Amino acid sequence: DVTLHVRAGEIVGVCGAAGAGKTTLLRCAAAALRPDRGEVRWFGVPASAEARRECGVAFVAPCPPHHAFLTARQSLEHRAGDAKAIPPESDVRALLDRAGLARVAHRRLSTLSRGALVRLAVARALRGHPSLVLLDGAMEGLDARWRTALALLLRTVATDGVACVVAARDYAVLRGIADRIVTLADGRVASERCAISSGGEHTPWAIAATSDRAARAASRVAEAVAPGGTGAVPPSAPPSVDSPSRAP
């Protein structure tokens with residue numbers, strides 16, 4: 001029993017305890033599940049699995065790589081069942097750079113960390129130039145540095161006008177990412193909070209993340225935590241998104 005509208009360029013967080021309905025909501029939003037009642041619309045069009053690609057809807061869910069023997073670069077080049085959909089080399093390089101994965105481009109998926117695999121999954125979703133990206137559980141199991149890098153990547157995606165919905169159990173994690181957070185309980189909306197103050201000004205995080213430095217910062221953070229990197233977050237990167245100054 002959820003009513004949810006997401007605008008272009010907006011990041012909406014969906015949080016709640018296990019069993020609250022986060023995954024069910026996102027799977028319905030992705031047309032992977034049919035709701036018992038009500039409807040899902042993408043840009044005014046009724047949602048359906050057949051219309052997903054045409055409407056530009058990408059669903060990113062945590063799952064082990066199906067082709068662990070492929071490299072990160074090959075994974076971006078590969079699209080099962082569609083040999084004609086291989087993107088140009090320049091697009092692959094741009095996606096790797098944007099996701100901060102240039103240094104691990106030639107490593108097999110089986111050797112990559114979960115943080116790198118999640119960012120690679122987002123990069124694969126961006127390959128189709130989506131208008132809506134749905135991420136279920138992408139933040140789970142990531143340390144603070146990888147969450148920061150992923151948050152910056154999502155902010156750069158949103159600044160391109162892409163609507164994003166991110167589901168996670170931890171409210172504090174979403175607080176550093178989302179423009180608006182919807183909390184679910186027993187399949188219903190328990191609360192909804194906006195990350196914009198009453199005066200209309202964005203939070204300090206939003207101001208930093210929406211600047212034109214965001215893409216470079218995301219890449220630097222990801223490079224720092226990638227194998228072979230220093231493991232330290234660059235001084236110019238925003239603070240960890242999962243360490244708010246106070247509890248919500």
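Predicted model, so just to flag it, every value in this text is computed and none were measured. Hydrogens, waters and symmetry mates are skipped; everything else that's a heavy atom, side chains included, is used. By convention here, the first residue in the shown sequence is residue 1.
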Ionic contact status for Arg52 with Glu54, cut-off 4.0 Å: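 Answer for the salt bridge query: no.
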Electrostatic pair Asp186-Arg188, nearest N-O below 4.0 angstrom: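 The answer is no: the pair does not qualify as a salt bridge.
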Can you establish whether the number of heavy atoms outside Arg7 located under 6.0 Å from its atom CZ is more than 12?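 Counting neighbours around CZ of Arg7, 12 or fewer heavy atoms of other residues, nucleotides or ligands fall under 6.0 Å, so no.
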Decide side chain to side chain contact (heavy atoms under 4.5 Å, CB included) for Leu135 and Val165; before the verdict, give the C-alpha distance in whole Å, the side-chain angles of both, and the deciding distance to 0.1 Å. CA-CA 6 Å; Leu135 298 99; Val165 182; over 6 Å; no
Checking the side chain of [X] only, and the main-chain atoms of [Y] only, is there a donor and an acceptor separated by less than 3.5 Å?
{"X": "Arg155", "Y": "Ile11", "answer": "no"}
{"X": "Arg127", "Y": "Leu76", "answer": "yes"}
{"X": "Glu140", "Y": "Arg169", "answer": "yes"}
{"X": "Thr111", "Y": "Arg108", "answer": "yes"}
{"X": "Lys22", "Y": "Gly187", "answer": "no"}
{"X": "Trp42", "Y": "Ala29", "answer": "yes"}
{"X": "Asp170", "Y": "Ala172", "answer": "yes"}
{"X": "Arg98", "Y": "Arg93", "answer": "no"}

Under 4.5 Å between side-chain heavy atoms, hopping through other hydrophobics if needed: is there a path connecting [X] to [Y]?
{"X": "Leu153", "Y": "Met139", "value": "yes"}
{"X": "Ile177", "Y": "Val14", "value": "no"}
{"X": "Trp146", "Y": "Leu154", "value": "yes"}
{"X": "Leu101", "Y": "Leu109", "value": "yes"}
{"X": "Ile181", "Y": "Leu4", "value": "no"}

Nearest 0.5 Å, please: how far is [atom2] in [Y] from [atom1] in [X]?
{"X": "Ser113", "Y": "Arg119", "atom1": "OG", "atom2": "CZ", "result": "10.0 Å"}
{"X": "Cys15", "Y": "Arg193", "atom1": "SG", "atom2": "CZ", "result": "9.0 Å"}
{"X": "Glu77", "Y": "Leu95", "atom1": "CD", "atom2": "CG", "result": "11.0 Å"}
{"X": "Phe43", "Y": "Cys55", "atom1": "CZ", "atom2": "SG", "result": "7.0 Å"}

Could you tell me which non-hydrogen atom of [X] sits nearest to which non-hydrogen atom of [Y], and how far apart they are?
{"X": "Val60", "Y": "Ala121", "answer": "CG1-CB, 3.7 Å"}
{"X": "Cys164", "Y": "Val6", "answer": "O-CG1, 4.2 Å"}
{"X": "Leu112", "Y": "Val104", "answer": "CD2-CB, 3.9 Å"}
{"X": "His5", "Y": "Arg180", "answer": "O-NH2, 2.6 Å"}
{"X": "Ala72", "Y": "Leu120", "answer": "O-CD1, 3.8 Å"}
{"X": "Asp136", "Y": "Ala167", "answer": "OD1-CB, 3.8 Å"}

Given side chains that start at C-beta, do those of Glu192 and Thr183 come closer than 4.5 Å, heavy atoms only?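 Glu192 does not reach Thr183 side chain to side chain.
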Heavy-atom distance under 4.5 Å between the side chains of Asp179 and Val12, does that happen here?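 Counting from C-beta outward, Asp179 and Val12 never come under 4.5 Å.
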Decide whether Arg27 and Thr23 meet the rule of one side-chain donor and one side-chain acceptor closer than 3.5 Å.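 Not at all, the side chains of Arg27 and Thr23 share no donor-acceptor pair under 3.5 Å.
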Do Val189 and Leu184 pass the side chain to side chain contact (heavy atoms under 4.5 Å, CB included) test, and can you show the C-alpha distance, the side-chain angles, and the key distance before you say yes or no? CA-CA 5 Å; Val189 175; Leu184 300 185; 4.1 Å; yes
Audit row: Val122, Val133, side chain to side chain contact (heavy atoms under 4.5 Å, CB included) steps and yes/no: CA-CA 9 Å; Val122 174; Val133 176; 5.6 Å; no
Hey, mind stepping through Ser75 and Arg124 against side-chain hydrogen bond (donor to acceptor under 3.5 Å, both in side chains) and telling me if it holds? CA-CA 8 Å; Ser75 177; Arg124 282 198 299 269; 2.6 Å; yes
